[in-house]
Amino acid sequence: MAAPLPTHTRGLRLAMQEEDPAAQPTPQQEPTGAGTGRRPADVAAPIRCAHLRIDPRGYPIIAVIPQAPGKEDYGSLSEQRKLVLATFDLCAVCAMPFHDELRWQVTFDDQLQQMGDALIFNEAPVHEVCALYAAQVCPFVSSPHARLGDAMRKGQRRAQTLVLAGFDRTAAVFGQESELQTDLSILMFEMAGLCRTHRLIGAADARAAYEAALRDEARIELDDAERRIVDLLCAPTPDEGEDPGAVMAGAAWFIGAAFCPKVRQLQTMQRFAEAKNDLYFQLAARFIVEPDLMATWVDAQDRSTAAAMSWFTTRESLPAVLRQWRADGARRIRDRRGRVPRPAGPTATPARDEAAIRRRQDAEAVLRKARRRKR
């Protein structure tokens with residue numbers, strides 16, 4: 001698999017840092033149609049973004065950025081949140097599921113052609129209308145005069161033509177060493193089935209495409225289990241003192257994210273992946289061998305775990321990436337008789353097993369103690 005070009009480091013973060021004033025052209029120098037970020041108050045947001053919290057400047061707090069209580073970081077991506085988005089097949093902006101919509105990524109100029117057959121990105125995909133919304137309000141995405149901010153390319157101007165690429169599926173998600181920060185590993189998203197593109201040269205192109213997408217936006221209907229996931233991911237957790245995305249990553253780990261290729265290389269996952277025989281891994285493996293056991297965790301004390309288990313046990317089918325992870329996990333583990341388990345999908349909820357629930361409660365108590373020791 002070819003390595004991706006190191007060009008997608010700030011695509012849809014809605015990075016709100018100020019641009020370098022020296023980089024701003026005079027009106028006479030500005031290319032025809034080139035735009036700058038519009039104030040969010042001046043842009044109608046998609047319906048699917050209505051539940052997002054708003055920061056004091058009016059910017060929506062999108063799903064993929066780190067969100068420790070009162071410390072939202074628009075300048076970076078949360079690898080834990082990316083893992084959650086991949087697990088539940090959610091948009092990196094609004095956190096709503098894709099269902100049958102295309103998954104969009106941001107590129108510039110002719111990068112798609114340069115990438116060849118390996119269309120790999122370090123950002124989680126987004127809905128079309130969410131990508132075009134970012135092209136309206138995000139200074140980096142909307143302005144061809146924006147400067148790159150990573151250590152390797154600091155001060156370089158981004159390419160002028162913005163290309164949004166819509167794919168019919170996420171083919172794979174895996175950990176890989178970052179090309180821009182060689183001491184870190186990050187999650188990569190391999191996209192497949194390129195269906196459509198938007199080439200946006202200036203503000204007029206971006207605005208026209210967004211207005212058309214906004215007119216055609218379909219309301220996303222969530223079932224109860226999906227709503228719980230979205231609400232937990234987007235709500236603050238001041239009482240817990242940490243990013244709710246980090247808490248949700250543990251729940252994602254249980255239902256299959258533990259078997260994402262090279263996920264253990266991600267430094268932010270070390271709390272779940274200290275050793276192959278740790279409790280988090282043991283539970284993830286147990287849920288592969290005995291998927292019906294998940295039904296006994298749907299009322300777990302931890303809200304994220306309960307929501308993830310309820311979501312899993314009520315799915316008619318799982319997202320392709322999660323199915324792939326669970327299949328990989330099934331090949332790596334053995335049941336008590338040494339047999340390779342069959343990676344069963346969602347099943348009907350069995351009768352309430354009080355003994356299994358007590359065992360789960362005991363296991364939860366051990367997890368809580370382990371978390372307190374790590375803090």
Side-chain angles (χ1 to χ4, degrees), residues 11-14 38-55 58-65 67 81-82 84-106 123-138 141-142 164-170 189 191 193 195-198 200 206-236 244-245 248 304 307-308 310-322 346:
L12 283 173
R13 299 181 194 182
L14 288 178
R38 299 164 64 190
R39 294 177 61 85
D42 299 330
V43 181
I47 296 172
R48 62 195 62 188
C49 291
H51 64 287
L52 296 180
R53 292 178 292 131
I54 304 298
D55 83 348
Y59 287 106
I61 300 173
I62 65 172
V64 75
I65 65 171
Q67 298 178 31
R81 284 179 165 269
K82 286 166 61 177
V84 173
L85 298 172
T87 301
F88 298 102
D89 198 24
L90 307 177
C91 168
V93 169
C94 70
M96 301 280 267
F98 283 102
H99 290 167
D100 59 354
E101 294 189 36
L102 296 182
R103 293 146 174 80
W104 292 74
Q105 292 279 3
V106 173
E123 300 206 11
V126 298
H127 295 118
E128 177 184 21
V129 70
C130 293
L132 290 167
Y133 177 52
Q136 296 297 302
V137 300
C138 170
V141 176
S142 62
L164 306 183
F167 301 89
D168 65 14
R169 66 190 182 279
T170 303
F189 291 73
M191 310 304 297
C195 295
R196 295 172 53 209
T197 59
H198 290 291
L200 308 178
R207 188 169 303 181
Y210 179 57
E211 290 175 352
L214 204 59
R215 286 194 302 269
D216 296 338
E217 182 188 8
R219 184 181 296 274
I220 298 178
E221 300 295 338
L222 302 179
D223 59 38
D224 291 343
E226 289 173 325
R227 172 56 65 189
R228 289 174 68 184
I229 298 294
V230 174
D231 287 348
L232 286 169
L233 193 58
C234 297
M248 184 64 71
S304 295
S310 296
W311 176 88
F312 186 96
T313 57
T314 55
R315 298 307 91 192
E316 292 184 1
S317 63
L318 297 175
V321 166
L322 182 57

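With a 4.5 Å cut-off on side-chain heavy atoms, Glu226 and His99 count as touching. Side-chain atoms of Leu214 and Tyr133, non-hydrogen and from C-beta on, never get closer than 4.5 Å to each other. When side chains are defined from C-beta on, Leu85 counts as touching Leu233, because their heavy atoms get closer than 4.5 Å. Taking the side chain as every heavy atom from C-beta outward, Leu164 and Gln105 never approach each other to under 4.5 Å.
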If you apply the rule side chain to side chain contact (heavy atoms under 4.5 Å, CB included), what do you find for Val126 with Arg103, and how did you get there? CA-CA 6 Å; Val126 298; Arg103 293 146 174 80; over 6 Å; no
Step-by-step side chain to side chain contact (heavy atoms under 4.5 Å, CB included) determination, Ile54 to Ile61: CA-CA 6 Å; Ile54 304 298; Ile61 300 173; over 6 Å; no
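Looking at Glu128 and His198, their side chains do bring a donor and an acceptor atom within 3.5 Å of each other.
Atom SG in Cys234 sits 10.5 Å away from atom CD1 in Ile62 (nearest 0.5 Å). Note: Phe88 CZ to Phe98 CZ = 14.5 Å, rounded to the nearest 0.5 Å.
Partner His127 forms a side-chain contact (heavy atoms from CB on, under 4.5 Å) with one of Leu132, Ile220, Leu90, Leu102 and no other, that one being Ile220. For the side-chain contact (heavy atoms from CB on, under 4.5 Å) with Tyr210, the qualifying choice from Val129, Leu200, Val137 is Val129, the only one to do so.
With Arg81 contributing its side chain and Met248 its backbone, the two residues share no donor-acceptor pair below 3.5 Å. Judged purely by atom type and a 3.5 angstrom limit, Gln67 has no side-chain atom pairing as donor or acceptor with the backbone of Pro244. Between the side chain of Arg48 and the main chain of Ala218, a donor-acceptor pair closer than 3.5 Å is present. A donor-acceptor pair under 3.5 Å is absent between the side-chain atoms of Glu217 and the main chain of Pro46, judged by distance alone.
Checked against side chain to side chain contact (heavy atoms under 4.5 Å, CB included), Ala225 has the following partners two or more places apart in sequence or in another chain: Asp223, Trp311, Thr314, Arg315. Judged as a side chain to side chain contact (heavy atoms under 4.5 Å, CB included), and not counting sequence neighbours, the contacts of Arg169 are Ala192. Looking at residues two or more places apart in sequence or on another chain, you find a salt bridge (Lys or Arg N to Asp or Glu O under 4.0 Å) between Asp231 and Arg227.
Here the shortest heavy-atom pairing between Phe189 and Pro125 reads CD2-CD, 3.7 Å. Annotation for Asp168 and Cys195: closest pair CB-SG, 3.9 Å, computed over non-hydrogen atoms. Of all heavy-atom pairs between Ala165 and Thr197, the closest is CA-CG2, 4.2 Å. Here the closest heavy-atom approach between residue Cys94 and residue Cys49 is recorded as CB-SG, 3.9 Å. Of all the heavy atoms in Leu232 and Ser304, the pair that sits closest is CD1-CA, 3.9 Å. Ala63 and Cys91 get closest at one heavy-atom pair: CB-O, 3.9 Å.
More than 12 heavy atoms of other shown residues, nucleotides or ligands fall within 6.0 angstrom of atom CG in Asp216.
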